[in-house]
J.: 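This is the structure I have questions about; it appears just below.
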Amino acid sequence: MTAAAIMTSEPAPIQACTVSRDVSNFDLLIEDMETELGESWGDLTFDEAVIFLGQPDAEQLEFIAIAVNGEDEDELTKISGIITEAKDRNIRVILIADEVSPIALHQLLRLGADDFVPYPLPEGALHDAIERLGQAAPPVEAAPPVHAPTFAATGNHDGVVLPVHGLSGGVGASTFAVNLAWEMATIHDGKKKKKAPSTSPKVCLLDLDLQFGAAATYLDLPRREVIYEMLADTEHMDKETFRQAMLSFNDKLDVLTAPTDMLPLDLLSGDDLERLIDMARAHYDFVVIDMPSTVVSWTETVLNKAHLYFALIELDMRSAQNVLRMQRALKSEGLPTEKLRYVLNRAPKFTDLNGKARVKRLAESLDISVELLMSDGGKQITQANDHGLPLALSAPKVPLRKEFQKLAGSLVELNESVEAAA
């Protein structure tokens with residue numbers, strides 16, 4: 001169906017349009033649009049879309065699917081105008097990108113695209129995106145639907161606290177925290193074929209790196225002043241204040257992002273952290289905490305509150321030295337070092353026998369147990385972070401994503417077993 005056909009009366013109403021430089025470059029998109037909408041869709045070029053979206057007939061559209069590739073980056077201004085015009089008319093936008101640079105993709109997503117799907121389209125991805133559009137509330141100027149908080153202030157939970165602490169800069173602690181939290185929040189999704197399907201647990205992610213917290217970037221969420229206001233006065237924090245500070249990612253995972261501005265880490269005290277964690281535990285099954293790499297006065301509070309404390313390292317000298325420093329510091333204060341679970345990120349591959357031997361020597365020399373070996377995500381993890389998506393939504397078949405999924409499954413299963421026994 002052509003753009004000209006859209007602008008004339010049709011027996012079947014047009015529900016959606018693709019917008020691209022040349023839709024024939026996205027043959028999988030054509031197939032999926034026909035599967036989902038039959039004849040009730042059309043295609044527009046960028047120039048045609050600029051004209052059509054300014055007409056009253058465009059208000060009948062439910063959504064547009066903007067398909068771009070690397071050759072379209074010179075047209076970013078025009079594409080941005082199309083997204084803005086669509087949002088002004090309350091038309092949902094699905095962005096479909098093929099080999100677009102992270103900077104260009106981030107710019108388009110920040111304009112208010114309601115969903116993102118990589119190209120080539122994974123099986124069922126367009127169907128899932130359309131379903132999410134249907135489930136979301138109508139867009140408003142104040143906040144896109146994906147950011148609407150879904151916090152239910154029931155207060156009847158007793159959440160498991162799982163801090164994540166990188167013992168060296170750049171070891172991937174924030175990536176670990178974000179992906180672990182997402183996998184736990186969606187662990188039972190898609191398992192409705194079982195006789196007794198389980199509901200995925202309620203999970204929140206607290207980004208406590210007040211200066212360089214990356215959870216907002218990795219999930220493409222805004223940073224807001226209300227977070228600083230809450231952290232600066234936790235004595236008067238109630239469930240409503242806490243609810244307003246949380247943001248939701250895809251209506252599955254609730255996130256407390258780092259504040260808008262860089263703040264001193266000593267802004268918070270141990271009492272502040274105790275109140276914050278207790279509030280989170282009361283309303284979530286799992287509380288994942290992305291810690292700053294620096295050890296601060298309230299690290300002790302978080303460690304005491306933790307059920308498991310993930311310490312991320314790499315196979316290098318700086319990590320080994322920092323493990324020794326961390327152990328000495330905790331033991332000198334009589335803190336529970338048994339809660340530490342060492343995670344080796346970017347671990348050697350299964351076939352790298354020399355690398356595996358190095359891991360064994362590292363553990364023996366430090367007198368620790370390296371309980372988790374996480375593979376190197378490579379460029380897929382960098383792209384996922386730049387796109388503001390967990391690995392499960394951007395590269396679900398990479399080995400690292402499977403490892404996050406397995407870890408999340410074991411944690412959720414263990415918690416369910418404990419609850420059942422209780």
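No hydrogens, no waters, no symmetry mates; every other heavy atom, side chains included, goes into these values.
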J.: Under the 3.5 angstrom rule, does the side chain of D207 hit a backbone N or O of D209 as a donor-acceptor pair?
T.: yes

J.: Checking K339 side chain against L303 main chain: does a donor-acceptor pair fall under 3.5 Å?
T.: yes

J.: Are D22 and S24 linked by a side-chain donor-acceptor pair shorter than 3.5 Å?
T.: yes

J.: Decide side-chain contact (heavy atoms from CB on, under 4.5 Å) for D233 and E229; before the verdict, give the C-alpha distance in whole Å, the side-chain angles of both, and the deciding distance to 0.1 Å.
T.: CA-CA 7 Å; D233 188 18; E229 295 170 4; over 6 Å; no

J.: Is it true that T257 and R223 share a donor-acceptor pair across their side chains at a distance under 3.5 Å?
T.: no

J.: Would you please indicate if the ring centroids of F249 and W182 are separated by under 6.0 Å?
T.: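 Centroid separation for F249 and W182: below 6.0 Å.
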
J.: Nearest 0.5 angstrom please: S365 OG to L324 CG, how far?
T.: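 So the gap between those two atoms works out to 7.5 Å.
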
J.: Restricting to non-hydrogen atoms, name the atom on V398 and the atom on A395 that form the minimum distance, rounded to 0.1 Å.
T.: CG2-O, 3.2 Å

J.: I'd like to know if the side chain of E403 pairs up with that of S375 as donor and acceptor (distance under 3.5 Å, no hydrogens or angles considered).
T.: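 Yes.
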
J.: Distance from D32 atom CG to E36 atom CD, nearest 0.5 Å?
T.: 7.0 Å

J.: Quick one: CG on N179 to CG on L219, what's the gap to the nearest 0.5 Å?
T.: 8.5 Å

J.: With sequence neighbours left out, what residues match F286 under ring-ring contact (aromatic ring centres under 6.0 Å, His included)?
T.: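 Partners of F286 by the ring-ring contact (aromatic ring centres under 6.0 Å, His included) criterion come out as none, since no residue qualifies.
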
J.: Please check: side-chain N/O of W41 versus main-chain N/O of I30, any donor-acceptor pairing under 3.5 Å?
T.: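 A pair under 3.5 Å: no.
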
J.: Sequence neighbours excluded, which residues qualify as salt bridge (charged side-chain N to carboxylate O under 4.0 Å, His left out) partners of E371?
T.: R341

J.: Rounded to the nearest 0.5 Å, how far apart are NZ of K356 and NZ of K349?
T.: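 Nearest 0.5 Å value for the NZ-NZ distance: 14.0 Å.
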
J.: Taking the side chain from S319 and the backbone from D316, do they hold a donor-acceptor pair closer than 3.5 Å?
T.: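 Such a contact is absent between S319 side chain and D316 backbone.
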
J.: If you count every heavy atom of other residues, nucleotides or ligands that lies below 6.0 Å from E99 atom CD, does the total exceed 12?
T.: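 Atom CD in E99 is not packed in, count stays at 12 or less.
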
J.: Looking at side-chain heavy atoms only, is the closest gap between I227 and L256 below 4.5 Å?
T.: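 In contact.
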
J.: When you measure from the side chain of H165 to the backbone N and O of F310, does any donor-acceptor pair fall under 3.5 Å?
T.: no

J.: Answer with yes or no whether the side chains of D261 and Y228 bring together a donor and an acceptor at under 3.5 Å.
T.: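 No, D261 and Y228 have no side-chain donor paired with an acceptor closer than 3.5 Å.
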
J.: Is it true that a side-chain atom of R89 and a backbone atom of L53 form a donor plus acceptor pair closer than 3.5 Å?
T.: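 Answer holds: yes.
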
J.: At what distance, to the nearest 0.5 angstrom, does CG of L400 lie from CG of D376?
T.: 8.0 Å

J.: Do F404 and F176 have their ring centres less than 6.0 Å from each other?
T.: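 So the answer is yes for these two rings.
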
J.: Find the distance between CZ (R401) and CD (Q405) and round it off to the nearest 0.5 Å.
T.: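 Answer for the CZ-CD pair, R401 versus Q405, is 4.0 Å.
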
J.: Do F116 and H387 have their ring centres less than 6.0 Å from each other?
T.: yes

J.: Has R318 got more than 12 heavy atoms of other residues, nucleotides or ligands less than 6.0 Å from its CZ?
T.: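 Yes, because the 6.0 Å sphere around CZ of R318 holds more than 12 heavy atoms from other groups.
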
J.: Any carboxylate oxygen within less than 4.0 angstrom of a Lys/Arg side-chain nitrogen, looking at K78 and D47?
T.: yes

J.: Examine distances only and state if a side-chain atom of S40 and a backbone atom of Q15 form a donor-acceptor pair shorter than 3.5 Å.
T.: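 No; judged by distance alone, with no hydrogens or angles, the pair does not exist.
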
J.: Which ring pair (Phe, Tyr, Trp, His ring centres under 6.0 Å) pairs, counting each pair once, include a residue from residues 16-37, with sequence neighbours left out?
T.: F26-Y119

J.: Please name the residue in the list T382, D290, N385, N345 that meets the side chain to side chain donor-acceptor pair (under 3.5 Å) test with T175.
T.: N385

J.: Within a radius of less than 6.0 Å around CD of E364, do more than 12 heavy atoms belonging to other residues, nucleotides or ligands occur?
T.: yes

J.: Side chains of S168 and N322: donor-acceptor distance under 3.5 Å anywhere?
T.: yes

